[in-house]
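I have placed the structure first, in the form of structure tokens, so that the comments after it can refer back to it.
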Amino acid sequence: MKFINTRNPNDTATFREAVLRGMAPGGGLWMPESLPVFEDWDSLLQLRWVERSEIILRRFIGVEFDQDALAAAISSALDFPIPLTQIRRGLYALELFHGPTLAFKDVGARFFAHILDLVREPGLPLTILTATSGDTGAAVAQAFWHRPAARVVVLYPKGRVSDLQERQFATLGDNVAALAVEGSFDDCQALVKECFDDAALSAKHGLTSANSINVARLLPQMLYYTEAVAQLHKQDVREGIVMAVPSGNFGNICAGLMAKQTGLPIRAFVAATNANATVPRYLDSGDYLPQPSIATISNAMDVGAPNNWERIQHLFGGDLYSLRQALRWGFKNDADTKRSIRELMGMGYLADPHAAVAYAVLEERLGLSETGVFLGTAHPAKFLPVYEPMGIQVPVPDSLESLRDRPLLSKDIPNNVAAVRQALENS
Ligand SMILES: *Cc1c(COP(=O)(O)O)cnc(C)c1O
């Protein structure tokens with residue numbers, strides 16, 4: 001399958017090229033040139049998770065790889081369960097937080113790390129340079145840790161990520177370096193951009209980005225939507241499935257919409273945001289007005305200018321009418337989010353703040369005879385400061401608890417590109 005530039009349909013790339021280039025020329029994003037419609041969903045949905053995932057990804061990118069190597073990469077990347085938990089009749093949570101860093105970003109980051117062994121130029125250096133405000137750095141750093149294909153350099157704003165988040169990427173060592181920048185997350189992103197813009201530096205270290213615009217993170221995110229539908233089919237739920245996705249950069253829901261276009265039987269998607277409601281407001285009004293981001297308790301969705309929205313526009317040919325047919329939407333503030341956390345607790349389910357936003361919008365948008373699934377994108381233990389003032393005890397999984405005693409290996413650097421350059425030379 002070919003990939004095309006959202007800003008120039010004449011500009012195409014193989015999957016391998018698209019992964020290594022990250023962004024497409026002119027600021028565009030790579031998308032599959034056209035999405036195949038699969039006629040065999042009934043039998044695909046009867047397969048087991050990893051086997052089904054292999055078959056689907058092979059149809060997208062199989063021609064570029066040795067089949068056994070691709071299968072091995074997929075099965076080791078997707079080696080954790082994706083449970084669908086029933087909350088009440090007609091309502092389920094798809095739990096995407098059973099991977100190593102307890103957030104759905106593990107799916108994309110682990111696939112990216114394993115596929116990179118297959119797409120990279122042998123013998124050339126490769127450095128994943130990434131700025132993080134929390135979850136992305138953790139998922140990417142752990143996905144690449146101890147993998148000889150690449151080293152990872154994570155930039156983060158010193159003192160501005162939570163203690164446990166910091167420990168998820170700054171205690172690893174080996175091929176993972178963490179740089180604590182005297183500045184904000186925006187400063188970190190600007191430093192990363194400066195490094196990529198320096199062609200000589202970029203070539204010397206083989207700088208590659210692992211943010212959510214990389215197609216290697218996008219494609220595998222289609223897979224867990226198939227798993228949700230497969231588990232519902234086992235329970236004889238086949239009609240009227242509606243999926244609610246807590247959205248920030250809109251990469252997750254973009255992958256879901258792609259899966260639907262291949263014929264996966266999902267009736268509709270619900271795009272749920274927090275107060276950063278650029279997309280819901282656009283769907284209401286027809287005016288797309290990106291905003292500076294606002295801080296909320298569902299902080300992984302604090303995005304005012306979602307960088308994958310362009311992909312969704314591309315998927316629908318920029319047609320607002322068909323977007324409004326495929327999507328339902330809404331947004332919730334922090335007070336609503338907390339109310340939803342308590343409401344779900346009343347039904348015996350502890351949701352993270354992002355999942356709670358999705359649940360809240362889903363409840364408003366779900367028809368009576370429909371079955372709703374909201375995505376649990378992170379484990380609640382990643383957000384203890386949200387629950388403490390609410391008086392809610394959150395059990396902390398051992399994998400997170402054990403990080404508390406690990407020493408931080410990060411290096412403090414000033415907020416300038418010379419310091420990053422030096423760290424790239426020395427780490
Ligand atoms: C990244 C993230 C999101 C938002 O996902 P997008 O693909 O950016 O829309 C939602 N919840 C959690 C916990 C996240 O880490």
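Keep in mind it's a predicted model, so treat the numbers as computed, not measured. Side chains are part of it too, since the values below use all heavy atoms of this structure and drop only hydrogens, waters and symmetry mates. Just so you know, ligand 1 is whichever comes first in the structure, and atom 1 is the first atom listed for that ligand.
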State whether R328 and E370 are salt-bridged, where the test is any N-O pair (Lys NZ or Arg NE/NH1/NH2 against Asp/Glu carboxylate O) under 4.0 Å. yes
Taking only residues two or more places apart in sequence, or in another chain, which ones meet R120 in a side chain to side chain donor-acceptor pair (under 3.5 Å)? none
Residue pairs fulfilling ring-ring contact (aromatic ring centres under 6.0 Å, His included) with at least one residue in residues 83-106, sequence neighbours excluded: F97-H379
Charged N to carboxylate O below 4.0 Å: is that the case for E364 and K332? yes
Listing request: all side-chain hydrogen bond (donor to acceptor under 3.5 Å, both in side chains) pairs with a residue in residues 137-146, at least two apart in sequence or in separate chains. H146-D174
So does D197 pair up with K193, basic N to acidic O under 4.0 Å? yes
Close N/O pairs between ligand 1 and protein, under 3.5 Å:
from, atom 1, to, atom 2, distance (Å)
ligand 1, 7 (O), G251, N, 3.2
ligand 1, 7 (O), N252, N, 2.9
ligand 1, 8 (O), N249, N, 2.8
ligand 1, 9 (O), G248, N, 2.8
ligand 1, 9 (O), N249, N, 3.3
ligand 1, 9 (O), F250, N, 2.9
ligand 1, 11 (N), T377, OG1, 2.8
ligand 1, 15 (O), K105, NZ, 2.5
ligand 1, 15 (O), D135, OD2, 2.8

